[in-house]
Every structure is written in structure tokens, then in C-alpha cells.
Amino acid sequence: MKNLKLLIGYIAFTLLATGCFLYLLFPSEAFKGVVSTYLLKMLPGYQFQFDRLKPALPLGLGFETVNVLQDDLRLAKIDRLNVAPRIVSLLSSRKTINYHGRAYQGFIKGHMDVNASDKSKQTDVFIKLADIQLSDITYLQERLGRKVSGFLNADVDLIDNNGPKRSLKGKLDLADVRIELSNPIINIQEVVLNLVEAEFNVNKKVFSLKRLEALGGQVEGNLTGTVMIRKPMSMSRINLRGSIFPQEVLLAGIKDFLPGNLFNQQMGDKGIPIRIYGTIEKPKFSFR
């Protein structure tokens, strides 16, 4: 029994010492190149940069300050990200990598599935976001050309078939949203929404808004339609339709802008019909 305990102690010490040496002498720079090349192969068109890489338990890698870029434009910045393969998937043609981390004062987790065969290759990335602060997302502020704040929770699925057949779909829940009006012509500097729920997909540079519902705040309502994505993003063409129920705060801000009791005349059980068109930079509105 004494010899068995001694043997177990030697094994434990050896494993601990080996782990410490691997951690301290981990070839971070070499692995950076390997990981970047692999991600570029799996997700062509995107670049990944990270400041530091280190081993993480169990059997994974830890990244610090990860930047996701497309055409040298930073799409996202992740403060910390841990990734690890799903062990049982290593022996199959469909490899799965799990990940979790922190970004924009919130949390991010999900998985990436790579299905490689002789005939086709498909990468499916699932992302779950929780308590993300919109005001910290520089890309969002720059693309919209105005300040946006609030909290985001979302499920997003990116499917890449190693070619032009790339698609994106998701569900969003936003709370305490504030949207600055870039060129206000009414007595309101921003629109406040308590809760927004949306479902969308993106395919062949067409953003399809399947459902958007706003509850509470200065306005309630719903929208559906499309946005034809252009470069720069501010020139993307909008075609959205729906109905709105403006609340007292909003009505007070626009009463001097609209003639008479326009809203009272059109308001019904379904709200006021609205159409939003033009570009993201200069949207236009029609209440009919």
C-alpha cells in the first residue's frame, strides 16, 4: 500500500510538473500563426488577430483581445475567449469546437462545426450573446452614423459553404434602447425603446427583417422588409413597412411638425401605417 501511494505521488508530481513546463514554455507565437491560418481556411473572408494565446483547461486554448476583421475593417472585439474541441467529434468528419468568453461587458459562447468531406465543406458557427452593451460596439456606431445604446441578447447562426452561399440568421432581444437622431428636424434628439424583439436573415447581401416588434418607450409597433446591403453601409437601401403606436412623449415632440391631428385621424386598432425607405444615412418616412 505504501509503495502504491508513493507511485501515485510520483505520477501526480510528474503530470503537474509537465503541465507547468508546458504552460510556461508554451510556443504562443507559433500557435498564433497556426490558429490564424486554420480560421482563415474555415472562414474565408474573415481575419482573426489576437494579442495573447495560452493553454486552457480542459484541453483548450485561451485567447486575449481577439479582433475579428473583414477587408481590414474591425467587425468585433472580444476581450477574452476560451476554445476547446468536442472530444467525441475528433474521430468523425464533422469536427466541433466549443468556445466561451467576454465581450462588450457581456458574455459570448457557442460552437463552430466544420463538416469536411470529399465533395463539400461547410462551416456552421453558432453564437449566443448575453448582456452585450451596444454603446461599446464601435462598428455599430460607425456603420449607423449615430449613437446607439442598450443591452443585447441574441442567437446568431452563420453558415458558410466555402463560396458565395454564405448565410446568416438570428434572433435578437434588446432592452433599454436609445437611438440618436442624426439630423433631427423635430423636437426629439433620440428615440427610446424599452424592449425590441427581432428575427432576421442575411443572404446574398440582402438583409431580410422577418419580424421586429417594439414594446414600451416612446413608440410601439412592428416592421418587416428588406435592406439591400451596399458599400459603404450608409448607402444601403431600406424598404421597410409596418405600423406604429406613438406614445405621448413622442407625440408632444412632433405636434408642431405634423399638420393638425394627422396621427389621431390615422390611428386605429392596428396603429399608424409607416414606410421607411431611402438609405441608412438618409432614411425617409411615409405615414400611409
Side-chain angles (χ1 to χ4, degrees), residues 19-20 22-90 94-116 121-143 148 150-160 162 166-174 202:
C20 290
L22 287 175
Y23 184 86
L24 295 174
L25 301 177
F26 183 75
S28 177
E29 294 301 322
F31 266 81
K32 280 185 182 182
V34 172
V35 173
S36 296
T37 302
Y38 177 79
L39 290 174
L40 183 61
K41 182 180 179 181
M42 293 299 103
L43 295 170
Y46 296 92
Q47 299 91 46
F48 297 84
Q49 299 175 350
F50 30 88
D51 291 346
R52 188 182 177 192
L53 186 154
K54 59 183 180 181
L57 296 176
L59 192 62
L61 295 173
F63 300 83
E64 293 183 4
T65 314
V66 180
N67 289 292
V68 183
L69 303 97
Q70 186 178 40
D71 298 329
D72 295 325
L73 178 67
R74 189 173 74 179
L75 303 179
K77 179 181 179 181
I78 303 171
D79 300 324
R80 187 175 68 252
L81 187 69
N82 284 8
V83 301
R86 187 175 296 173
I87 303 300
V88 294
S89 72
L90 296 178
R94 184 179 178 87
K95 308 293 191 297
T96 299
I97 299 175
N98 297 322
Y99 61 86
H100 63 89
R102 299 273 325 237
Y104 305 115
Q105 303 187 51
F107 301 90
I108 177 174
K109 69 175 182 179
H111 60 263
M112 180 172 73
D113 296 329
V114 181
N115 189 7
K121 181 183 295 183
Q122 177 177 305
T123 304
D124 188 346
V125 182
F126 175 75
I127 305 170
K128 188 175 186 65
L129 305 174
D131 299 327
I132 301 295
Q133 293 211 18
L134 298 178
S135 59
D136 289 347
I137 305 178
T138 304
Y139 176 80
L140 178 64
Q141 316 290 324
E142 292 178 348
R143 294 305 96 191
V148 180
F151 297 91
L152 167 67
N153 294 280
D155 292 339
V156 179
D157 198 359
L158 169 65
I159 300 175
D160 194 317
N162 197 27
R166 180 180 298 167
S167 64
L168 179 70
K169 63 179 180 179
K171 295 181 179 180
L172 309 178
D173 292 326
L174 301 105
V202 182

Apply side chain to side chain contact (heavy atoms under 4.5 Å, CB included) to residues Phe151 and Ile132 and explain how you reach the verdict. CA-CA 5 Å; Phe151 297 91; Ile132 301 295; over 6 Å; no
Atom CG of Asp173 and atom CG of Asp155: how far apart are they, to the nearest 0.5 Å? 8.5 Å
pair Gln105-Asp131: side-chain heavy atoms closer than 4.5 Å: no
Tell me, do Arg94 and Asp113 make a side-chain contact under 4.5 Å, heavy atoms counted? yes
Between CD on residue Gln141 and CG on residue Asp136, distance to nearest 0.5 Å: 8.5 Å
Side chain proximity check, Leu61 to Asn82, heavy atoms < 4.5 angstrom: no
What's the spacing between Ile78 CD1 and Ile108 CD1 if we round to 0.5 Å? 4.5 Å
If you measure from CG on Leu129 to NZ on Lys109, what distance do you get to the nearest 0.5 Å? 11.5 Å
Taking the side chain as C-beta and beyond, is there a heavy-atom pair between Ile127 and Leu158 under 4.5 Å? no
Separation between CD (Glu64) and CG (Asp51), nearest 0.5 Å, reads 8.0 Å
Decide yes or no on side chain to side chain contact (heavy atoms under 4.5 Å, CB included) for Arg52 and Thr65, but give the supporting numbers first. CA-CA 7 Å; Arg52 188 182 177 192; Thr65 314; over 6 Å; no
Tell me the closest heavy-atom pair linking Arg74 and Asn67, and the distance in Å. CD-OD1, 3.0 Å
Within 45° of the axis and under 6.0 Å from the centre of the six-membered ring of Phe107, does NZ or CZ of Arg102 qualify? yes
Any heavy-atom pair between the side chains of Phe63 and Arg80 that's under 4.5 Å? no
Can you tell me how far apart CD (Gln47) and CG (Leu73) are? Round to the nearest 0.5 Å. 10.0 Å
What's the shortest heavy-atom distance between Ala103 and Lys77, and which atoms? CB-O, 3.9 Å
For residues Asp79 and Tyr104, report the shortest heavy-atom separation together with the two atoms involved. OD2-N, 4.0 Å
In short, Tyr99 meets Phe126 closest at the heavy-atom pair OH-O, 2.6 Å
